[in-house]
Asks: 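So that we are looking at the same thing, I have put the structure below in structure tokens.
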Amino acid sequence: MIKLLLTFFCFISFTLTNAQSNADIANVYLKRAKEAAETNANYKEALDQFEKGLKFVDSISDKNIVTLASLIYYENYQLQTDDKEKIEFLKKSETYSRKYFVLEQDNTTEEYIKNLENLILIQETIEELETKLKKEEEDRIRKEKEYKKIDSLKSLWSKKSESLSIRVDSIYGFNTNKLALYKKDGNFGVIDDRGRIIVEATDYKDAISSEGFILLKNKKEQPNKIYCFNTNNKKGFVLPSVNKFNSLATHYGQLMLPRGNGRLVMYPDNSFEPMVYDLNVKKRIKITNKLELLKSLKKEDVIDRYNKDGEVKINKEWYQFGGHLGGGIYSLYFENSYKVHSFLSATTKKIISADAGFEYIGAYYKDNFQAINKGKVIWINQEGAEVSVAKDAYKKYLGVSKVVKLAMGKYQITRNNVIVLGDQELEKLSEFLIKYKKN
């Protein structure tokens, strides 16, 4: 029993001694805090000393200390850069300020009134910052929603843009009639300036576009199937089989350029005459009475002689008469060769010789012919003299469509910065966002 009492009194003595020691230590730190705040206005140091002192006390019951604490936390809130941290300091200041009114009941003193004003200032500052934070959060949420909507609109625009893309290998220049050749998987077709496929690119490996006509050939060389598309009336058709022209022919041979008057000259194999075809009326052009023509040519001294087999003699040489290309130019062959030997000019009454390099001559239109001389395309007049290159009146495009290459094998057509495909249209992205993000 005596030992138990001794132990109890020792514990009480230690506790009282330790409590006294903690209070003394706390007082030292609180004194430093007061000096730093009131003498040096170093509120950061004051806060450091105050919080060190708090570690040695359970609570503060001195109204002067709680007033000092409220001041220290208030002054330190202004040193913070983050609004949330500022509010945290202000609320600690408010807590100590409220504690003053628990410790001080006399509301008539000047000190009481000053502390009350300080509490109101603290509360107003907290309210302002919380209002600011709330507005910032609302703005953040609004912007986040706006960004999500913009991302959604961008995704929608991208999908729509993708759907208005044309997947082809190439799109060539549009002509006056707003049509152009395009190429896909090695085949040629026809497309208009709104991206509508007029002729599918499925069967034709080569193409010619000239003076309002587009020719699609099943082979680059020696084609035996040709599709003609007339860009003037937007109609197309397959040319008659070449063996209907000549039962021995297997292909159309050399194709010359179609001319603005619709005339097309071809040189089929196994033939003693070119095939002249009118693309406008879809009809082969041939001499209705060859003997009457030959009689007229002899009378005009263009040829020396002719016979009933359609052969003509010029400068002591007999030729197979190959027919009229237009403009007074006639083709001549030797009996044992299907290759054109030469051309006769009714204007000069002279032979345009293959020995001089003339291999083929096309249709006559606007005072000139296309010719191939030693493998090179040239243009000549009725006398066989070389002239300047004929101008294709259909080559100039007057529309507003532009072909935009997006990537390999992908194109779009734009008109006044609007993507088009047939009747569908899509504004550029910036205008699309302006138009729909407000909705």
Asks: Taking NZ, NE, NH1 and NH2 as the nitrogens, is one of them in K134 or E127 under 4.0 Å from a carboxylate oxygen of the other?
Replies: no
Asks: When rounded to the nearest 0.5 angstrom, what distance separates CZ in F343 from CD1 in I329?
Replies: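 The CD1 atom of I329 is 8.5 Å from CZ of F343, to the nearest 0.5 Å.
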Asks: Do Y77 and F89 have ring centres separated by under 6.0 Å?
Replies: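 No: the rings miss the under 6.0 Å criterion.
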Asks: Is Y319 close to H341 at the side-chain level, that is, under 4.5 Å between some pair of heavy atoms?
Replies: yes
Asks: Between S345 and E383, does any side-chain donor sit less than 3.5 Å from a side-chain acceptor?
Replies: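 Looking only at side-chain atoms, E383 and S345 do not form any donor-acceptor pair under 3.5 Å.
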Asks: Tell me, do L239 and Y252 make a side-chain contact under 4.5 Å, heavy atoms counted?
Replies: yes
Asks: Is there a side-chain contact between S342 and I351 in this structure, where contact means two heavy atoms from C-beta onward sitting under 4.5 Å apart?
Replies: yes
Asks: Do L325 and V276 make a side-chain contact, defined as non-hydrogen atoms from C-beta onward lying under 4.5 Å apart?
Replies: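 Answer yes - side chains close enough.
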Asks: Between CG of N417 and OG of S430, what distance do you get to the nearest 0.5 Å?
Replies: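 If we round to the nearest 0.5 Å, N417:CG and S430:OG are 8.5 Å apart.
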Asks: With a 4.0 Å cut-off, would you call R196 and D423 a salt bridge?
Replies: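 Here R196 pairs with D423 in a salt bridge, since their nearest N and O are under 4.0 Å apart.
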Asks: Among F56, Y43, Y96, find the residue that satisfies the ring pair (Phe, Tyr, Trp, His ring centres under 6.0 Å) test when tested with F50.
Replies: Y96
Asks: Can K205 and N187 be counted as having a side-chain donor-acceptor contact under 3.5 angstrom?
Replies: yes
Asks: Would you say the side-chain atoms of N230 and N232 include a donor-acceptor pair closer than 3.5 Å?
Replies: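 There is such a pair (donor and acceptor under 3.5 Å, judged by atom type) between the side chains of N230 and N232.
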Asks: Start with the C-alpha distance between Y360 and F369, add both sets of side-chain angles, then the distance that settles ring pair (Phe, Tyr, Trp, His ring centres under 6.0 Å), and finish with yes or no.
Replies: CA-CA 10 Å; Y360 305 100; F369 304 81; over 10 Å; no
Asks: Is a side-chain donor-acceptor pair under 3.5 Å present for S70 with S93?
Replies: yes
Asks: Mind checking whether Y227 and F229 have parallel, tilted or perpendicular rings, split at 30° and 60°?
Replies: parallel
Asks: Inspect the contact between R284 and D278 and indicate whether a charged nitrogen and a carboxylate oxygen are less than 4.0 angstrom apart.
Replies: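 Result for this pair is no, no salt bridge flagged.
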Asks: Below 4.5 Å, heavy atoms only, C-beta onward: do Y306 and K313 meet side chain to side chain?
Replies: no
Asks: Within a radius of less than 6.0 Å around NZ of K234, do more than 12 heavy atoms belonging to other residues, nucleotides or ligands occur?
Replies: yes
Asks: Determine, for D83 against K132, whether the closest basic-nitrogen to carboxylate-oxygen distance falls under 4.0 angstrom.
Replies: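 Salt bridge flag = yes for K132 with D83.
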Asks: Go through it in stages, so that I can follow the logic: the residues are D169 and Y182, the test is side chain to side chain donor-acceptor pair (under 3.5 Å), and I'd like the CA-CA distance, side-chain angles, deciding distance and then a yes or no.
Replies: CA-CA 8 Å; D169 301 330; Y182 78 95; over 6 Å; no
Asks: How about L119 and R98: do any of their side-chain heavy atoms sit closer than 4.5 Å?
Replies: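 The answer is yes; the side chains approach within 4.5 Å.
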Asks: Side chains of Y172 and V403, heavy atoms from C-beta outward: is any pair under 4.5 Å?
Replies: no
Asks: Do the ring planes of Y338 and F272 sit parallel (below 30°), tilted (30 to 60°) or perpendicular (above 60°)?
Replies: tilted
Asks: Take atom CD of E137 as the centre, draw a 6.0 Å sphere, and report whether it contains more than 12 heavy atoms from other residues, nucleotides or ligands.
Replies: yes
Asks: Establish, from distance only, whether the side-chain atoms of Q424 and K160 form a donor-acceptor pair under 3.5 Å.
Replies: yes
Asks: Tell me whether the rings of Y112 and F101 are parallel (<30°), tilted (30 to 60°) or perpendicular (>60°).
Replies: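 Aromatic pair Y112/F101 classed perpendicular.
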Asks: Without swapping roles, check the side chain of Q123 against the backbone of E94 for a donor-acceptor pair under 3.5 Å.
Replies: no
Asks: Nearest 0.5 Å, what's the CZ-CG distance between R305 and L294?
Replies: 13.0 Å
Asks: Strictly under 6.0 Å, is that where the ring centroids of Y330 and F321 end up?
Replies: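 Between F321 and Y330, which both carry aromatic rings, the centre distance is below 6.0 Å.
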Asks: Is the ring centre of F188 less than 6.0 Å from the ring centre of Y204?
Replies: no
Asks: Could you tell me the separation between the CD atom of Q370 and the OH atom of Y365, rounded to the nearest 0.5 Å?
Replies: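 So the CD of Q370 and the OH of Y365 are separated by 15.0 Å.
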Asks: Between R259 and N368, does any side-chain donor sit less than 3.5 Å from a side-chain acceptor?
Replies: yes
Asks: Salt bridge or not for E146 and R142, using N-O below 4.0 Å?
Replies: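 Yes, this pair counts.
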Asks: With rounding to the nearest 0.5 angstrom, report the CG to CD1 distance, L421 to I166.
Replies: 5.5 Å
Asks: Strictly below 4.0 Å, N to O, side chains only: are K135 and D139 in salt-bridge contact?
Replies: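 Yes, K135 and D139 are salt-bridged.
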Asks: For K99, is the NZ atom crowded, meaning more than 12 foreign heavy atoms sit under 6.0 Å from it?
Replies: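 It does: K99 NZ has more than 12 such atoms within range.
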Asks: Any side-chain donor-acceptor pair under 3.5 Å between N218 and N224?
Replies: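 The answer is yes; a qualifying pair exists.
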Asks: Crowded around R415 CZ? As in, over 12 foreign heavy atoms under 6.0 Å?
Replies: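 Above 12, so yes.
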Asks: Any chance the rings of Y394 and F174 have centres within less than 6.0 Å?
Replies: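 Aromatic pair excluded; centres sit 6.0 Å or further apart.
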Asks: What I'd like to find out is whether the side chain of V420 reaches to under 4.5 Å of the side chain of L164, using heavy atoms alone.
Replies: no
Asks: How long is the span from the OG atom in S353 to the CG atom in L344, to the nearest 0.5 Å?
Replies: 12.0 Å
Asks: Output yes when E88 and K84 qualify as a salt bridge under the 4.0 Å nitrogen-oxygen rule, no when they do not.
Replies: no
Asks: Do the side-chain N and O atoms of Q382 and Y364 include a donor-acceptor pair separated by under 3.5 angstrom?
Replies: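 Their side chains do contain a donor-acceptor pair, which is all the 3.5 Å distance test asks for.
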Asks: So does T81 get a backbone contact from the side chain of E85, meaning a donor-acceptor N/O pair under 3.5 Å?
Replies: no
